[in-house]
S.K.: 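Questions regarding the structure given below will be posed in turn.
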Amino acid sequence: MLCHLLQICHPAEGDDVKRLKTLLKGTDITENRLIETAMYATQWLPVIEEYTGWKGLQSAAYYFHAHMNEYFDKQKKALIARYTPIDTGDLKLGAFDIKWF
């Protein structure tokens with residue numbers, strides 16, 4: 001159930017780092033759990049990257065997804081194209097972008 005909720009839940013207008021800090025205050029949600037969330041539900045990557053201060057988190061997450069996923073929708077293809085000129089079809093077949101790495 002949690003995985004399904006993470007997949008369908010997207011940031012609303014105004015969901016930023018300030019709001020995330022407010023919502024997390026008083027909870028036991030760890031930074032590791034936030035990273036796991038960002039890796040699973042990439043729509044939260046920008047906010048979680050800013051919250052954690054982990055520069056390059058988005059690039060690392062999309063690198064992982066580019067080399068591990070078998071299906072890419074148009075949005076995911078466009079996001080991956082920001083980081084590598086290698087076609088997602090080639091990435092699925094094992095192509096490796098050393099510059100991105």
Side-chain angles (χ1 to χ4, degrees):
M1 183 56 72
L2 178 59
C3 291
H4 174 70
L5 291 173
L6 285 173
Q7 287 176 339
I8 64 169
C9 182
H10 291 263
E13 190 173 323
D15 282 346
D16 57 12
V17 174
K18 184 178 177 182
R19 178 151 168 75
L20 181 59
K21 285 180 183 179
T22 300
L23 293 172
L24 290 175
K25 196 171 195 167
T27 72
D28 62 352
I29 298 172
T30 64
E31 187 175 88
N32 282 346
R33 181 63 69 188
L34 290 174
I35 299 301
E36 291 169 353
T37 299
M39 290 297 293
Y40 188 80
T42 56
Q43 65 269 24
W44 292 99
L45 270 168
V47 174
I48 292 174
E49 180 181 66
E50 188 175 348
Y51 176 83
T52 62
W54 287 30
K55 294 181 192 273
L57 177 60
Q58 290 184 75
S59 176
Y62 288 121
Y63 179 87
F64 177 81
H65 282 266
H67 292 87
M68 299 302 295
N69 285 354
E70 293 185 10
Y71 170 77
F72 299 97
D73 60 20
K74 289 180 184 179
Q75 182 181 8
K76 185 82 57 122
K77 284 181 181 182
L79 288 166
I80 290 170
R82 291 181 186 173
Y83 299 99
T84 182
I86 298 174
D87 183 78
T88 55
D90 292 333
L91 291 169
K92 286 192 297 189
L93 294 173
F96 186 81
D97 188 337
I98 192 70
K99 289 181 182 179
W100 188 11
F101 179 75

S.K.: Can you name the one residue among L23, V17, T22 that meets side-chain contact (heavy atoms from CB on, under 4.5 Å) with R19?
M.R.: L23
S.K.: Rounded at 0.5 Å granularity, tell me how far CG in L20 sits from CD in E50.
M.R.: 10.0 Å
S.K.: Do you reckon I98 sits in the same ILVMFWY cluster as L93, going by side-chain contacts under 4.5 Å, direct or chained?
M.R.: no
S.K.: List the steps, then state whether ring-ring contact (aromatic ring centres under 6.0 Å, His included) holds for F101 with F96.
M.R.: CA-CA 8 Å; F101 179 75; F96 186 81; 5.5 Å; yes
S.K.: Measure the shortest side-chain to side-chain distance between Y62 and T84 over non-hydrogen atoms and say whether it is less than 4.5 angstrom.
M.R.: no
S.K.: So E31 and W54, do their side chains get closer than 4.5 Å, heavy atoms only?
M.R.: yes
S.K.: Give a yes or no on this: more than 12 heavy atoms of other residues, nucleotides or ligands lie within 6.0 Å of atom NE2 of H10.
M.R.: yes
S.K.: Short question: side chain of E49, backbone of Q58 - any donor-acceptor pair under 3.5 Å?
M.R.: yes
S.K.: So do P85 and D97 actually touch side chain to side chain, heavy atoms under 4.5 Å?
M.R.: yes
S.K.: Under a single-linkage definition using a 4.5 Å side-chain heavy-atom cutoff for Ile, Leu, Val, Met, Phe, Trp and Tyr, are Y40 and L24 assigned to the same hydrophobic cluster?
M.R.: no
S.K.: As an exercise, state the distance from OG of S59 to CD1 of I80, rounded to the nearest 0.5 Å.
M.R.: 11.0 Å
S.K.: Could you walk me through whether K76 and T88 pass the side chain to side chain contact (heavy atoms under 4.5 Å, CB included) check?
M.R.: CA-CA 9 Å; K76 185 82 57 122; T88 55; over 6 Å; no
S.K.: Are the side chain of Q43 and the backbone of L6 linked by a donor-acceptor contact shorter than 3.5 Å?
M.R.: yes
S.K.: How far apart are the closest heavy atoms of W44 and C9, and which atoms are they?
M.R.: NE1-O, 3.1 Å
S.K.: Is the closest side-chain heavy-atom distance between R33 and T30 below 4.5 Å?
M.R.: yes
S.K.: Just verifying a value: how many Å separate L79 CG and L45 CG, rounded to the nearest 0.5 Å?
M.R.: 9.0 Å
S.K.: List the atom of L34, the atom of I48, and the distance in Å for their closest heavy-atom pair.
M.R.: O-CD1, 3.4 Å
S.K.: If two hydrophobic side chains count as joined below 4.5 Å and joins carry through other members, does I8 share a cluster with L2?
M.R.: no
S.K.: Report the distance from atom CG of L91 to atom CG of D87, rounding to the nearest 0.5 Å.
M.R.: 7.5 Å
S.K.: Parallel, tilted or perpendicular: which fits the ring planes of W100 and H67, with parallel below 30° and perpendicular above 60°?
M.R.: tilted
S.K.: Do you reckon Y51 sits in the same ILVMFWY cluster as I29, going by side-chain contacts under 4.5 Å, direct or chained?
M.R.: yes
S.K.: For the atom pair CD1 (I86) and NZ (K92), what is the distance rounded to the nearest 0.5 Å?
M.R.: 14.5 Å
S.K.: Verify, without hydrogens or angle tests, whether H65 (side chain) and M39 (backbone) share a donor-acceptor contact under 3.5 angstrom.
M.R.: yes
